[in-house]
Number of protein chains: 2
Amino acid sequence: MEPIRVLVVDDHDVVRKGIITYLLTEDDIDIVGEASSGNEGAKVAKDLSPDVILMDLMMENGTGIDATEKIMKDLPNAKIIILTSYYDDEKVFPALEAGAFSYMLKTSSAEEISTAIKKAAKGENVIEPKVAGAMMNRIRTPDRMPHELLTERELEVLICIGNGLTNNEISEKLFIGIKTVKTHVSNILSKLDVQDRTQAAVYAHRNGLMKETN
Amino acid sequence: MEPIRVLVVDDHDVVRKGIITYLLTEDDIDIVGEASSGNEGAKVAKDLSPDVILMDLMMENGTGIDATEKIMKDLPNAKIIILTSYYDDEKVFPALEAGAFSYMLKTSSAEEISTAIKKAAKGENVIEPKVAGAMMNRIRTPDRMPHELLTERELEVLICIGNGLTNNEISEKLFIGIKTVKTHVSNILSKLDVQDRTQAAVYAHRNGLMKETN
DNA sequence: TTTTTACTCAGACCACAGACGGAGAGCTTG
DNA sequence: CAAGCTCTCCGTCTGTGGTCTGAGTAAAAA
């Protein structure tokens, strides 16, 4: 049986080198390449077409989710294993929707990761307990995130609220009347099912909507 | 010259193994132990009294800052190098105050880390560019963080605001009158130099005051 | 073409938020 | 002891926030 061709994408040098060094001790795993950013990872993947890709989320240059999406377009058969530091509800499903095959945490042991790679090569996906729990929740409540119901304009207004702007300041910033702002705010509050702008701001922060500005 | 005795503390198995595997290739570095949590790290450090300790912040069981503090009590001569994933303003200075010797990011190359270890052993500390920048700011503006001016009670109220509670809800939760809550809120707003509770909530989230509840 | 959705704005209304001034009780510090 | 800080509470007043109802325009979907 041929060794599994693996690509490792992680912007943390030591982590990447470390994973690779470990995986090199595995006979049936072959490290064919490495990349230190999502963009680079997508390019390298296209060139090498590896069997399995170990992908970090949270990278500085091009997030792992974008990279996953790109790679899946080029190589629909690639098995991408997300390997990230902390469990983040907001990241899991975007990653899985982008085409990730497994979702592992770096708290996993080295053995678990190598078996995850081998299983991925066979087409078996590994589900972390925490991720499994979240998936159960998602299945139970297949709702969209409330803020996905917001229109573009409403999202703009919500970002402003998340930055602590008053209705007046928002109206000046977006060049619209205060009345209009109030309308938007009211709609936002009812769509997010919160009672006031402060809760809306909290919502925006908790759900990662402030990433651009924060 | 004797090899430098190094202890590696990181709750991510692959990361820890990876760092170790790499450092083993260095002749003048000797890995004497490893630990997968802050608490364990403190114990092991006491037993082994290593020269240099590579310490991850953000661990699930006992944060690296606490561990650093403990270790420095036991081994005032230990050089603790913080090695963490992401730069976090709120974590750097507590870590340095706790006695950390250097502050490195995992984006550093493996070479940088091994040289940091060697320099630490000699008594030279390595400062990441980002950390250096933050230190300059701290020196230029040796102000306390505004929220450090808050009293305990005010901080409690601020957390409530950060959770989107109204004055009424806060008064019920803390078993005090609404008037009292209003007084606290007013004081908080002026101390944080913000105009309304929404901005206060934003402040709380941006400055990591919601970590317990978030 | 008709219908729907998004964006805009208006007036009226009420409740809460927040500012300001004042005050008493308890606790620590000089 | 006196001074200072914290936490508590009161009354008053103004402005903003938010709801509700209603409505016009433009673009996209049916």
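Proteins come first, then strands; the chains are lettered A, B, ... in the order of their sequence lines, and each starts at number 1. Keep in mind that this is a model prediction, so the values were computed, not measured.
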Item checked: Close side-chain approach of B:Ile53 to B:Phe101, heavy-atom, < 4.5 Å -> no
Check: Hey, does the side chain of A:His184 come within less than 4.0 Å of C:dT8's phosphate (OP1/OP2), counting only N and O?
Finding: yes
Checklist line | Option from B:Val44, B:Leu48, B:Val52 for which side chain to side chain contact (heavy atoms under 4.5 Å, CB included) with B:Val32 holds | finding: B:Leu48
Notebook entry, point to check: Where do B:Ile188 and B:Arg153 land on the side chain to side chain contact (heavy atoms under 4.5 Å, CB included) test, with the steps shown first?
Noted result: CA-CA 10 Å; B:Ile188 292 168; B:Arg153 201 54 161 171; over 6 Å; no
Note to self: Could you tell me how far apart B:Glu156 (CD) and D:dC7 (C1') are, to the nearest whole angstrom?
What the structure shows: 11 Å
Notebook entry, point to check: Hey, mind stepping through B:Glu40 and B:Lys43 against salt bridge (Lys or Arg N to Asp or Glu O under 4.0 Å) and telling me if it holds?
Noted result: CA-CA 5 Å; B:Glu40 191 191 345; B:Lys43 284 179 196 166; over 6 Å; no
Next item on the list: Calculate the interatomic distance between B:Glu154 atom CD and D:dT8 atom P; express it in whole Å.
Entry: 10 Å
Note to self: Quick check on side chain to side chain contact (heavy atoms under 4.5 Å, CB included): which of B:Leu83, B:Thr84, B:Val9, B:Val15 does B:Asp56 satisfy it with?
What the structure shows: B:Thr84
Item checked: Nucleotide nearest B:Glu152 when distance is taken to its side chain, options D:dC9, D:dC7, C:dA6 -> D:dC7
Note to self: Without decimals, in angstroms, what is the distance between B:Phe175 CZ and D:dT8 P?
What the structure shows: 12 Å
Margin query: Under 4.0 Å between a side-chain nitrogen and a carboxylate oxygen: does that hold for B:Asp10 and B:Lys106?
Written below: yes
Next item on the list: Can you see which heavy atom on A:Cys160 is nearest to which on A:Lys173, and at what distance?
Entry: SG-CD, 4.1 Å
Next item on the list: Give a yes/no answer on whether the side chain of B:Thr151 brings an N or O atom under 4.0 Å of OP1 or OP2 in D:dC7.
Entry: yes
Margin query: What is the distance, to the nearest angstrom, from the CD1 atom on B:Ile176 to the C1' atom on D:dC9?
Written below: 10 Å
Item checked: Nucleic acid footprint by protein, nucleotides 25-30 of chain D - heavy-atom cut-off 4.0 Å, B for base, S for sugar-phosphate alone -> ------
Checklist line | Nucleotide D:dG17, atom P - distance to CD of A:Gln199 in whole Å | finding: 16 Å
Next item on the list: Please collect all salt bridge (Lys or Arg N to Asp or Glu O under 4.0 Å) contacts where either partner lies in residues 177-190 of chain B, sequence neighbours excluded, each pair once.
Entry: none
Checklist line | Nucleic acid footprint by protein, nucleotides 11-30 of chain C - heavy-atom cut-off 4.0 Å, B for base, S for sugar-phosphate alone | finding: B-----BBS-----------
Check: Taking C-beta and beyond as the side chain, do B:Arg197 and B:Asn167 meet within less than 4.5 Å on heavy atoms?
Finding: yes
Checklist line | Separation of C:dA6 C1' from A:Ile188 CD1 (nearest whole Å) | finding: 13 Å
